Colleague: 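Below is one structure. I have some questions about it.
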2 protein chains.
Amino acid sequence: MLRLSKLTDYAVVVLVRLAGTGDVQTSPGIAAATGIPEPTVAKVLKTLTLGDLVSSQRGARGGYRLNRALEDIPIADVIAAIDGPIALTACVDGSSLGCESQGLCAMRGRWDPVNDAIRRALTAITLADMQKGLLPAFRTPSPAARLLSAAE
Amino acid sequence: MLRLSKLTDYAVVVLVRLAGTGDVQTSPGIAAATGIPEPTVAKVLKTLTLGDLVSSQRGARGGYRLNRALEDIPIADVIAAIDGPIALTACVDGSSLGCESQGLCAMRGRWDPVNDAIRRALTAITLADMQKGLLPAFRTPSPAARLLSAAE
DNA sequence: ATCAATCAGGACCGCAGTGGTCCGGATAAC
DNA sequence: GTTATCCGGACCACTGCGGTCCTGATTGAT
């Protein structure tokens with residue numbers, strides 16, 4: 001089902017909220033503003049910090065602050081930060097034994113172009129595009145967007 | 001991680017194998033040829049039948065046969081048949097209560113264009129493209145596509 | 001008519017990953 | 001020093017997936 005983790009969904013909401021004010025915001029504050037349970041918000045924020053999307057300020061009057069503008073954050077980055085690298089995981093996991101030994105897993109590596117296409121599509125859309133329902137990526141055709149529109 | 005179910009991976013292998021001979025093939029036969037455990041092959045085939053990608057012939061000397069040529073099967077169809085409709089499941093599930101009530105799930109429906117972009121990308125690539133490393137959608141050779149064609 | 005081969009459609013189970021919570025420690029403003 | 005806040009990890013319930021098996025229904029061959 002190509003499921004995207006719910007955490008990623010939360011992350012988008014949190015990031016957009018974080019962009020609302022240029023000021024630092026605490027995780028309880030964001031939790032209250034978004035309705036997402038506080039511990040979960042904290043977890044998301046922590047993960048986003050590791051992904052270098054937000055910066056944290058410790059201590060009293062601390063909080064989180066956005067690193068880049070929404071326009072400069074493709075969702076691909078958010079997904080990568082939360083869910084790890086974007087890949088449809090063909091036989092990437094350690095089970096290369098029954099695969100290689102038979103020598104007939106002819107599809108090995110064939111998913112790469114598919115992954116690539118998805119990565120492209122996900123890089124073409126930024127958080128700013130999601131905030132407003134508009135999609136400039138499809139108007140000013142980026143290379144990826146042109147590929148996509150050419151496909152229809 | 002945008003994980004794709006392993007069953008879908010199997011399905012691609014099975015479908016390509018099924019295209020090898022124009023003849024009907026039994027699931028034990030395909031299992032032997034692909035190295036995938038027989039019950040799993042059967043399950044995949046059954047699911048693909050529901051998805052109208054293959055036809056089944058019951059009884060002795062029965063088996064499965066491909067409905068369309070590989071060129072006419074976009075991976076989007078395979079994924080849809082195995083994993084269900086392609087959607088990154090934003091708040092699609094019934095939990096619209098905490099979402100709507102707060103009125104701040106501003107992201108509601110915002111994932112649609114993302115889903116759309118992915119669907120597009122997935123429709124542009126057919127099983128035939130995966131079989132041979134070529135990708136007509138990327139006539140301008142992407143790094144990945146070049147790697148693939150160089151690999152054979 | 002009987003038998004064997006094959007698909008159909010379930011039920012079933014173990015396991016991993018996700019969503020979600022909580023706690024002790026470090027850090028910095030007041 | 002006290003307090004507010006982030007940090008890092010441990011922890012658990014639950015869902016869904018991968019995988020197996022069993023009992024019918026169907027059809028060709030004997």
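Letters A, B, ... mirror the listed sequences (proteins, then strands); counts begin at 1. On a predicted model such as this, the values are computed, not experimentally measured, just so you know. Only heavy atoms go into these numbers, but all of them, side chains included; no hydrogens, no water, no symmetry mates.
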Colleague: Which of these nucleotides, C/dG9, C/dC7, C/dA29, is closest to any side-chain atom of B/K46?
Modeller: C/dG9
Colleague: Between A/I30 and A/R17, what is the shortest heavy-atom contact and its length?
Modeller: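 Between these two residues, the closest heavy atoms are CG2-CG, 4.2 Å.
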Colleague: In whole Å, what is the span from the CZ atom of A/R65 to the C1' atom of D/dT5?
Modeller: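 The answer, rounded to whole Å, is 15 Å.
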Colleague: Determine whether B/I79 and B/L70 fall in the same hydrophobic cluster, where Ile, Leu, Val, Met, Phe, Trp and Tyr are linked whenever their side-chain heavy atoms lie under 4.5 Å apart.
Modeller: yes
Colleague: Out of C/dG20, D/dG18, D/dA4, which has the shortest distance to the side chain of A/T40?
Modeller: C/dG20
Colleague: What's the closest nucleotide to the side chain of B/T26 if the choices are D/dA4, C/dG19, C/dT6?
Modeller: C/dT6
Colleague: Of the listed nucleotides (D/dT20, D/dC7, D/dG19), which one gets closest to any side-chain atom of B/Y10?
Modeller: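 Of D/dT20, D/dC7, D/dG19, D/dG19 is nearest to the side chain of B/Y10.
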Colleague: State, yes or no, whether a side-chain contact exists between B/R68 and B/L53 at a heavy-atom distance under 4.5 Å.
Modeller: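 Side-chain contact under 4.5 Å: yes.
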Colleague: In whole Å, what is the span from the NZ atom of B/K6 to the P atom of D/dT20?
Modeller: 11 Å
Colleague: Looking at the side chain of A/R58, which of D/dC6, C/dT21, C/dA29 is the nearest nucleotide?
Modeller: D/dC6
Colleague: Membership question, hydrophobic clusters at under 4.5 Å side-chain separation (ILVMFWY): are B/L7 and B/Y64 in the same one?
Modeller: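 Cluster IDs for B/Y64 and B/L7 match.
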Colleague: Which nucleotide, D/dG18, C/dT6, C/dT18, lies nearest any side-chain atom of B/L7?
Modeller: D/dG18
Colleague: How many Å lie between CG on B/L18 and P on C/dC7, as a whole number?
Modeller: 11 Å
Colleague: Identify which nucleotide among D/dA29, D/dG19, D/dT27 has an atom closest to any side-chain atom of B/R61, counting heavy atoms from C-beta outward.
Modeller: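 Within the option list, the nearest is D/dA29.
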Colleague: Could you check how far CD1 of A/I82 sits from C1' of C/dG20, rounded to whole Å?
Modeller: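 In whole Å, C/dG20 C1' and A/I82 CD1 are 14 Å from each other.
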Colleague: Rounded to whole angstroms, how far apart are CD on B/Q25 and C1' on C/dC7?
Modeller: 15 Å
Colleague: Give the C-alpha distance, both sets of side-chain angles, the deciding distance and a yes or no for side chain to side chain contact (heavy atoms under 4.5 Å, CB included) between B/V44 and B/T8.
Modeller: CA-CA 8 Å; B/V44 168; B/T8 306; over 6 Å; no
Colleague: Give a yes/no on whether any side-chain N or O of A/S56 is located under 4.0 angstrom from OP1 or OP2 of D/dC7.
Modeller: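 Yes, such a contact exists.
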Colleague: Measure NZ/A/K43 against C1'/C/dT18 and give the value in whole Å, please.
Modeller: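 Atom-to-atom, A/K43 to C/dT18, this comes out as 8 Å.
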Colleague: If you assign each of A/T8 and A/A60 to its closest nucleotide in DNA chain C, which residue comes earlier from the 5' end?
Modeller: A/T8
Colleague: At less than 4.0 Å, is any side-chain N or O atom of B/Y64 found next to OP1 or OP2 of C/dA8? Yes or no.
Modeller: yes
Colleague: Is the shortest side-chain N/O distance from B/S27 to OP1 or OP2 of C/dC7 below 4.0 Å?
Modeller: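 Looking at the OP1 and OP2 atoms of C/dC7, one of them is under 4.0 Å from a side-chain N or O of B/S27.
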Colleague: In whole Å, what is the span from the CG atom of A/D9 to the P atom of C/dG20?
Modeller: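 Checked: the CG to P distance equals 11 Å.
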Colleague: Tell me: CD of B/Q57 to P of C/dA4, nearest whole Å?
Modeller: 21 Å
